[in-house]
Amino acid sequence: MSAPLIEAQGLEKHYGTVHALRGVDLSVEPGEVVGFLGPNGAGKTTTMKILTGSIAPSSGRARIAGYDLLTDPLQCRRHIGYLPQDPPLYPEMTVAAYLDHVARLKGVARAYRRREVVEAMERCSILEVEQRHLHKLSGGNRQRVGLAQALLGAPPMLILDEATAGLDPTQVARFRDLVRSLASDHGILLSTHILSEVEYCCRRVVMIHRGTVVLQASVAELRQRAAAQSILRLRLREGGPQGLAQVLEASDWAQDIRIDEDCVLCRVDASRRAELVAAAEAHGGLRELHEERRSLEEVFADVVADAEAPEAMA
């Protein structure tokens, strides 16, 4: 198995009296897209600035493509392509001139520079606008230029910070497809607030809250978690819901039982749903059974609430 492209352990960061990061552990494997989530002020940007070498951690270690970030920062930077939320574009330059400038800064040899620039433009579908000035581009094309500059130098690791912020729905969809296509050649750390983006692009999720990692799980695991917490709504053919609710409350397999007008709401494991149907048939007959699945947004809200609960008690 190949080594992780990012392997961070115990990252801490202090800004005076502010403890921005509190022992963050993070890894990204080759070919993996990891969603990096958290509320505003959670520590995402600080973590990414440390990983890209913009700032130093107060403590902790990180390796990028096998290189130590503290002892070999230049090699680490060469192995990362970074797209910040606001790409550092020069509006008076053309697309081709800007990318050539970035390639020079990254040390791409002159003999290969034009080829790399063209390949990056082709991959990001901006070759047809290479002679247009950056200030004349749409928001979607500016983001594509930002991603193209991140690809120059063939870095194995990409860090994308809120890459779809400000884009319209069509531009977002195209950008997501592009990110997915890049996963075949790169590891990707994708910071975003949009959970549909996570579901579409990512294999795994790392969630940070108040400088601490509060969740690391695969997207498949999160979907299972959401399904396991789904609410079942039952409506009977005859009689009111009180009798069925009492039976369920006396059982050891139904949870969160409540009545909503003429319906009974509860949580029941999939393996016990036959018993739920039988109970409904015995207490008025089952007229309707509807499953209300929880969204990933609700799952993440629960994670944040659970993380804040110990602080509130303290």
Side-chain angles (χ1 to χ4, degrees), residues 6 8 10-11 13 18-29 32-51 83-85 158-167 169 172-173 175-177 179-180 183 187-233 255-256 258 265-270 290-314:
I6 289 180
L11 292 181
K13 185 62 182 178
V18 177
H19 201 171
L21 295 185
R22 304 168 182 265
V24 169
D25 296 337
L26 180 66
S27 67
V28 180
E29 302 288 337
E32 184 179 39
V33 183
V34 176
F36 193 36
L37 308 178
N40 290 331
K44 300 189 303 298
T45 298
T46 298
T47 302
M48 289 184 290
K49 284 183 176 180
I50 289 174
L51 294 174
L83 173 59
Q85 184 172 348
L158 299 176
I159 296 181
L160 313 180
D161 185 8
E162 301 289 347
T164 58
L167 303 186
V172 168
F175 200 89
R176 289 176 186 173
D177 288 337
V179 170
R180 286 188 67 174
I188 301 175
L189 183 65
L190 176 65
S191 167
T192 180
H193 284 98
I194 305 171
L195 295 182
S196 59
E197 199 165 278
V198 172
E199 284 195 271
Y200 186 79
C201 296
C202 301
R203 179 192 304 174
R204 189 163 55 87
V205 168
V206 175
M207 186 174 184
I208 189 172
H209 180 59
R210 294 184 178 174
T212 301
V213 173
V214 294
L215 174 70
Q216 293 203 47
S218 69
V219 172
E221 289 169 342
L222 292 174
R223 290 194 185 109
Q224 291 173 357
R225 180 170 175 173
Q229 296 176 344
S230 62
I231 294 289
L232 298 176
R233 178 182 291 270
Q255 296 86 37
D256 299 334
R258 64 184 189 274
L265 279 65
C266 63
R267 299 187 195 276
V268 174
D269 188 84
H290 177 68
E291 181 179 21
E292 299 176 352
R293 291 207 168 191
R294 306 197 79 210
S295 66
L296 285 189
E297 284 85 353
E298 291 172 311
V299 172
F300 285 119
D302 287 346
V303 172
V304 171
D306 290 344
E308 291 180 341
E311 297 177 11
M313 292 178 64

Student check: side-chain heavy atoms of V213 and L26 closer than 4.5 Å: no
So, do L189 and L51 sit near enough that their side-chain heavy atoms are less than 4.5 Å apart? yes
Verify side-chain contact (heavy atoms from CB on, under 4.5 Å) between V179 and Y200, making sure each step is shown before the conclusion. CA-CA 10 Å; V179 170; Y200 186 79; over 6 Å; no
Would you confirm whether K13, through its side chain, and A20, through its main-chain N or O, come within 3.5 Å as a donor-acceptor pair? no
Would you confirm whether H19, through its side chain, and L21, through its main-chain N or O, come within 3.5 Å as a donor-acceptor pair? yes
Between CZ on residue R180 and SG on residue C201, distance to nearest 0.5 Å: 7.0 Å
Output yes when a side-chain donor or acceptor of D25 lies under 3.5 Å from a complementary backbone atom of G10, and no otherwise. yes
Report the C-alpha separation of I6 and V34 in whole Å, then their side-chain angles, then the decisive distance to 0.1 Å, and conclude whether the side-chain contact (heavy atoms from CB on, under 4.5 Å) test is met. CA-CA 11 Å; I6 289 180; V34 176; over 6 Å; no
Would you give the length of the straight line joining atom CG of L215 to atom CD of E221, rounded to the nearest 0.5 angstrom? 9.0 Å
Kindly compute the distance separating SG (C266) from CD1 (I231), expressed to the nearest 0.5 Å. 7.5 Å
Should R176 and I194 be marked as a side-chain contact (heavy atoms from CB on, under 4.5 Å) after you check the CA-CA gap, both sets of side-chain angles, and the distance that decides it? CA-CA 11 Å; R176 289 176 186 173; I194 305 171; 3.6 Å; yes
Of all heavy-atom pairs between A42 and H209, which one has the smallest distance, and what is that distance? CB-CA, 4.0 Å
Please walk me through it: do V219 and V205 pass side-chain contact (heavy atoms from CB on, under 4.5 Å)? CA-CA 7 Å; V219 172; V205 168; 4.0 Å; yes
Are the side chains of S218 and Q224 in contact, using a 4.5 Å heavy-atom criterion? no
Atom pair CG/NE2 of L265 and H290 - distance to nearest 0.5 Å: 10.0 Å
Which residue in the set T45, I208, L83, D161 passes side chain to side chain contact (heavy atoms under 4.5 Å, CB included) when paired with S191? D161
Would you say that V172 contacts E197 through its side chain, given a criterion of any heavy-atom pair below 4.5 Å between the two side chains? yes
What one should report as the nearest heavy-atom pair of G38 and K44 is O-NZ, 2.8 Å
Exercise: identify the closest heavy-atom pair between A183 and V33: CB-CG2, 3.5 Å
Using 0.5 Å steps for rounding, measure from the OG1 atom of T164 to the CD atom of Q85. 9.5 Å
Rounding to 0.5 Å, atoms CG (L195) and CZ (F300) come to a distance of 5.5 Å
Check whether any side-chain heavy atom of I159 sits under 4.5 Å from a side-chain heavy atom of V28, and report yes or no. no
